[in-house]
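Scope of the values below: all heavy atoms of this structure, side chains included, with no hydrogens, waters or symmetry mates.
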Amino acid sequence: MRTNVLDRAARHRPTTQAPLLALAALTALAAALVLAASSHAVGPYPSLGSCQVFPQPPASTSPRARSLPTEAAWNQDISKAPRDPRSAAYISYILANGGGSIHPDFGSPRGYGIPYAVVGSGQAKLPVHYTAYGDESDPGPFPVPGRAPVEGGKHSDGDRHVLVVDRSACKLYELYRAFFVAKPRPHWNADSGTAWDLRSPALRPDGWTSADAAGLPIFPGLVRYDEAASGRIEHAIRVTFESTRNAWVHPASHCAGDTANPSAPPMGLRLRLKGTYGLGRFSGPARAVAEAMQHYGLIVADNGSNWYISGSSDRRWDDENLDVLKRIPGSAFEVVKSEAPIHSC
């Protein structure tokens, strides 16, 4: 996962010697320029129109129901769901294997967060050539423009996610390690890709990956600026951990773990910020994020830095406001019981 420029500077504070101060300032400036040059800033984004990002839970779902085993789980309020009996063991394992507090993996710098594009019915479809997981990917062509924003910028060498919502068909297209090739025939090369019907709660086939390691969609778990600024985020948030169990629980469908330890979090595990954790210090978008973590929680979607939560790259974020979320310790979370059993790989 990438590190915020401000975080890098904080970890390398110089001594009071003037030459070191000057060198540190130049280093921080150079890092900021590199990050800013990765691509133009993004945001605001076009509206999704009438498209809902996956269906709501069935009306018959009890407020005290376990976490659902379908993509409707993203929109399920689990603030009153039963606590998993192994919750303490999960939290202890996570804290013993990486960072110990929430870290927003998004903000105003272009290279920090995951951008997306919104297209309509006139968008041309391009072929997708799969370079790694073609047998677990949906065949193209996809309506993904050649100029669609790439996570980290077009010259990045990270996960390079590309997310596109077709608001005319209410479909979501996601690519992993995606590279646009203009000649001789325009197409995308990608390690994997998925087409999601936003009107259906259906899962990926068991054992299949997606653009995310867990076989989950990425877009519904992103904190988007407009919803955060409105004060209401009504869905779960994508989270990563450094060490995960080689197992999944629905709505996840794929393993990517490094251990068989039953205390390690499997892909798809649902966590929530304890209702007793006070939110008085939070305001604005940060308050909306904290409230969402209490009501809708976090879903384990990939391996990465501990407690890193995902959001859209957007020039409008107030990074100082988001930084307050870093005060929330992992010990303030608990694991929610899932309706589906854990599938070990």
Side-chain angles (χ1 to χ4, degrees), residues 48 51-87 90-91 165 170-172 174 194-224 227 232-241 244-245 247-257 262 265-275 289 291-302 309-310 333-345:
L48 301 184
C51 295
Q52 181 178 4
V53 184
F54 292 112
Q56 292 293 318
S60 59
T61 304
S62 166
R64 300 184 182 277
R66 301 178 182 189
S67 182
L68 294 171
T70 70
E71 300 302 344
W74 290 103
N75 302 318
Q76 180 188 6
D77 187 329
I78 44 77
S79 57
K80 297 180 181 179
R83 181 174 175 268
D84 192 293
R86 292 191 54 81
S87 176
Y90 281 126
I91 300 300
V165 178
C170 292
K171 289 191 175 181
L172 167 66
E174 299 187 335
T194 308
W196 299 92
D197 184 349
L198 295 175
R199 297 163 297 194
S200 169
L203 306 177
R204 301 287 284 161
D206 281 354
W208 281 32
T209 189
S210 62
D212 226 345
L216 290 167
I218 297 171
F219 184 76
L222 296 184
V223 176
R224 287 174 274 147
E227 60 183 3
R232 294 186 65 85
I233 299 171
E234 297 180 321
H235 61 78
I237 299 171
R238 178 182 184 266
V239 69
T240 64
F241 291 116
T244 58
R245 182 177 171 185
W248 80 72
V249 57
H250 289 154
S253 62
H254 185 258
C255 296
M267 293 296 168
L269 191 73
R270 189 88 173 254
L271 305 94
R272 70 177 167 218
L273 181 61
K274 295 176 182 177
V289 174
E291 289 179 347
M293 292 192 293
Q294 285 186 330
H295 285 270
Y296 296 90
L298 311 174
I299 296 181
V300 182
D302 202 353
I309 58 174
S310 302
F333 286 80
E334 58 191 357
V335 175
V336 173
K337 227 179 210 183
S338 292
E339 186 175 311
I342 293 176
H343 178 96
S344 296
C345 299

Quiz prompt | Trace of the side chain to side chain contact (heavy atoms under 4.5 Å, CB included) decision for Met293 with Ile237 | solution = CA-CA 7 Å; Met293 292 192 293; Ile237 299 171; 4.0 Å; yes
So does [Y] get a backbone contact from the side chain of [X], meaning a donor-acceptor N/O pair under 3.5 Å?
X      : Y      : value
Ser253 : Trp208 : yes
Gln76  : Tyr296 : no
Ser87  : Val335 : yes

Exercise. Walk me through it: do Val165 and Val53 pass the test side chain to side chain contact (heavy atoms under 4.5 Å, CB included)?
Key: CA-CA 10 Å; Val165 178; Val53 184; over 6 Å; no
Exercise. Take Val300 and Tyr90 through the test side chain to side chain contact (heavy atoms under 4.5 Å, CB included) and record every step on the way to the result.
Key: CA-CA 12 Å; Val300 182; Tyr90 281 126; over 6 Å; no
Using atom types as modelled, flag every donor-acceptor pair under 3.5 Å from a side chain in residues 211-219 to any protein atom, sequence neighbours excluded.
from: Asp212; atom 1: OD1; to: Arg238; atom 2: NH2; distance (Å): 2.8
from: Asp212; atom 1: OD2; to: Arg238; atom 2: NE; distance (Å): 2.6
from: Asp212; atom 1: OD2; to: Arg238; atom 2: NH2; distance (Å): 3.3

Would you mind reporting whether [Y] and [X] have side-chain heavy atoms less than 4.5 Å apart?
X      : Y      : answer
Trp196 : Pro220 : no
Ser344 : Arg245 : yes
Glu71  : Pro251 : yes

Practice problem: Quick one: which residue pairs count as a side-chain hydrogen bond (donor to acceptor under 3.5 Å, both in side chains) with a foot in residues 51-66, not counting sequence neighbours? | Solution: none
Quiz prompt | For Glu334, salt bridge (charged side-chain N to carboxylate O under 4.0 Å, His left out) partners two or more places apart | solution = Arg83, Arg272
Practice problem: Can you sort out the partners of Glu339 under salt bridge (charged side-chain N to carboxylate O under 4.0 Å, His left out), two or more places apart, ordered by chain and number? | Solution: none
Exercise. Please round to the nearest 0.5 Å and tell me the distance separating atom CG of Asp302 and atom NE2 of His254.
Key: 11.0 Å
Quiz item: If you round to the nearest 0.5 Å, how far is CG of Leu269 from NZ of Lys337?
Solution: 13.5 Å
Determine the minimum heavy-atom distance between [X] and [Y], stating which atoms define it.
X      : Y      : value
Thr244 : Met267 : OG1-CE, 3.8 Å
Val249 : Pro341 : CG2-O, 3.7 Å
Pro55  : Asn75  : O-ND2, 3.1 Å
Phe333 : Leu298 : CE2-CD1, 3.6 Å
His235 : Leu222 : CE1-O, 3.1 Å

Exercise. Show your working on side chain to side chain contact (heavy atoms under 4.5 Å, CB included) between Ile342 and Trp248 and close with a plain yes or no.
Key: CA-CA 6 Å; Ile342 293 176; Trp248 80 72; over 6 Å; no
Donor-acceptor contacts, no H, no angles, side chain residues 197-207, under 3.5 Å, sequence neighbours left out:
from: Asp197; atom 1: OD1; to: Arg199; atom 2: N; distance (Å): 3.0
from: Asp197; atom 1: OD1; to: Arg199; atom 2: NE; distance (Å): 3.2
from: Arg199; atom 1: NH2; to: Ala169; atom 2: O; distance (Å): 3.2
from: Ser200; atom 1: OG; to: Ala202; atom 2: N; distance (Å): 3.1
from: Arg204; atom 1: NE; to: Thr209; atom 2: O; distance (Å): 3.3
from: Arg204; atom 1: NH1; to: Asp138; atom 2: OD1; distance (Å): 3.3
from: Arg204; atom 1: NH1; to: Asp138; atom 2: OD2; distance (Å): 3.0
from: Arg204; atom 1: NH2; to: Glu136; atom 2: O; distance (Å): 2.6
from: Arg204; atom 1: NH2; to: Thr209; atom 2: O; distance (Å): 3.4
from: Asp206; atom 1: OD1; to: His250; atom 2: NE2; distance (Å): 2.8

Quiz item: Listed by chain and number, what are the side-chain hydrogen bond (donor to acceptor under 3.5 Å, both in side chains) partners of His343, not counting sequence neighbours?
Solution: none
